[in-house]
Protein chains: 2
Amino acid sequence: MAGTHQLATLQLAIMQVLWRSKEATVAEVREALAGDRDLAHTTIATMLVKLERKGVVDHRAEGRAYIYRALIEPQQVKSTMVTDLVERLFGGNLTAMMTHLLDESDVTREELSRLKALISRKEKETHDDV
Amino acid sequence: MAGTHQLATLQLAIMQVLWRSKEATVAEVREALAGDRDLAHTTIATMLVKLERKGVVDHRAEGRAYIYRALIEPQQVKSTMVTDLVERLFGGNLTAMMTHLLDESDVTREELSRLKALISRKEKETHDDV
DNA sequence: TGACACCTTCTACCGGAGTAGTAGAATTAA
DNA sequence: TTAATTCTACTACTCCGGTAGAAGGTGTCA
């Protein structure tokens with residue numbers, strides 16, 4: 001099971017900053033998160049160390065500062081976390097998850113037709129290659 | 001924010017047993033979980049105490065044993081957890097979540113048409129009552 | 001009535017997330 | 001040169017999930 005990465009809330013928030021800006025120092029991450037969450041400089045730094053130990057970010061020194069960058073793609077994290085939730089909540093049943101999403105949230109007409117188009121496109125792509 | 005319940009993996013697994021069987025003793029929960037997870041009796045018992053403290057289960061004594069039952073509905077938990085993930089991962093954008101699901105998982109033809117039917121049904125339900 | 005089996009309760013421990021203070025190095029300003 | 005600023009490194013602490021041993025209560029049955 002390589003490349004599966006569960007990330008907690010703050011960790012994910014930090015990663016999202018890195019994904020957006022390619023690279024960032026502790027101060028820059030902190031700046032980007034300010035407003036939603038006002039955290040101490042050291043808190044961000046600590047989290048980045050933990051993320052690095054986890055192998056999902058990397059850093060290089062530039063002068064006195066460390067510049068961090070993400071080592072994994074948003075897609076990997078999303079896949080892991082969504083798949084995991086579908087597994088835990090719906091026993092891996094994708095349609096059940098979709099049904100829930102459609103039932104519980106108020107989707108607009110426009111979104112519905114966009115989804116329909118998406119499915120049609122997907123149907124064309126899906127050859128009988130199972 | 002009442003009625004929002006985040007549950008971790010084991011907690012959710014235990015709740016699912018309770019939802020299926022309406023009521024269960026510690027031993028029964030343990031039995032139901034055996035195979036996937038072989039846990040000590042006391043582990044389940046401890047988790048149930050924690051879940052009770054959290055207000056999501058309840059118990060009554062019958063003879064020497066406690067019989068537990070769920071106090072919340074599966075739907076409440078699913079809503080909370082799905083909504084939360086969509087928020088954290090896709091900034092609350094439902095369509096983005098759906099797109100991801102369609103792109104990343106290998107959906108079969110059959111599932112696709114079932115989804116299409118689902119959307120059509122939803123479209124009929126959705127009056128312009130926004 | 002004593003031995004055993006079954007149950008809950010209490011307590012404890014580990015690890016990870018989150019939060020941050022403090023120390024010490026380095027760079028800049030005065 | 002000294003003082004202030006700005007970083008990282010180290011440490012620690014709380015909370016929670018998960019896991020389970022030890023202890024103590026209670027029922028059963030020969």
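Within every chain, numbering begins at 1; the chains are lettered A, B, ... in the order of the sequence lines, protein sequences first and strands thereafter.
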Leu18(A) and Glu23(A), any side-chain heavy atoms less than 4.5 Å apart: no

Among Arg109(A), Arg114(A), Lys116(A), find the one that has a salt bridge (charged side-chain N to carboxylate O under 4.0 Å, His left out) with Glu123(B). Lys116(A)

So do the side chains of Met15(A) and Val57(A) get within less than 4.5 Å of each other, counting heavy atoms only? yes

What is the distance, to the nearest angstrom, from the CD atom on Glu62(A) to the P atom on dT27(C)? 13 Å

Could you state the CD-P distance from Gln6(B) to dG18(D), rounded to the nearest angstrom? 12 Å

Side-chain N or O of Lys54(A) versus OP1/OP2 of dG16(C): is the shortest distance under 4.0 Å? no

Name the residue closer to the 5' end of DNA chain C, choosing between Ala8(A) and Ala40(A) according to the nucleotide with the nearest heavy atom. Ala8(A)

Is the number of heavy atoms from other residues, nucleotides or ligands within 6.0 Å of CD (Gln6(B)) greater than 12? yes

Check the distance between dG18(C)'s P and Asp38(A)'s CG and give it to me in whole angstrom. 16 Å

Do the rings of Phe90(A) and His100(A) sit parallel, tilted or perpendicular, given the 30° and 60° boundaries? tilted

Nearest atoms (heavy-atom pairs only) where Ser113(B) meets Glu110(B): OG-O, 2.9 Å

Nearest whole Å is fine: how far is dT19(C) C1' from Leu33(A) CG? 14 Å

Pro74(A) vs Gln16(A) side-chain heavy atoms within contact, under 4.5 Å: no

What is the distance from CZ of Arg30(A) to C1' of dG18(C), rounded to the nearest Å? 15 Å

Using the C1' atoms of five pairs at each end, what's the angle between the two axes of the helix from dT1(C)-dA30(D) to dA30(C)-dT1(D), to 10 degrees? 20°

Picking from dG18(D), dA20(D), dT19(C), the nucleotide nearest the side-chain atoms of Leu10(A) would be dT19(C)

Output yes when Glu104(A) and Lys78(B) qualify as a salt bridge under the 4.0 Å nitrogen-oxygen rule, no when they do not. no

Could you check which residues of residues 69-82 of chain B get a heavy atom under 4.0 Å from DNA chain C? Sort them by number, please. none

When the distance from CD of Glu52(A) to P of dG16(C) is rounded to whole Å, what number comes out? 17 Å

Interatomic distance where CE belongs to Met47(A) and C1' belongs to dA12(D) [whole Å]: 16 Å

Distance-only, no hydrogens or angles: does the Trp19(B) side chain make a donor-acceptor pair with backbone N or O of Ile72(B) under 3.5 Å? yes

Side chains of Lys54(A) and Gln11(A): donor-acceptor distance under 3.5 Å anywhere? yes

What is the distance, rounded to the nearest whole Å, between atom CG of Leu51(B) and atom P of dT19(D)? 13 Å

Distance test, side-chain N/O of Arg37(A) to OP1/OP2 of dT19(C), below 4.0 Å: yes

Just by modelled atom types, is the Ala24(B) backbone N or O under 3.5 Å from a matching donor or acceptor in the Arg69(B) side chain? no

Establish, with yes or no, whether the OP1 or OP2 oxygen of dG18(D) is under 4.0 angstrom from a side-chain nitrogen or oxygen of Thr43(B). no

Footprint string (nucleotides 4-13 of chain C, 5' to 3'): B base within contact, S backbone only, - free, heavy atoms under 4.0 Å: ---SBB----

Around Glu31(B), counting heavy atoms of other residues, nucleotides and ligands shown, do more than 12 lie under 6.0 Å from its CD? no

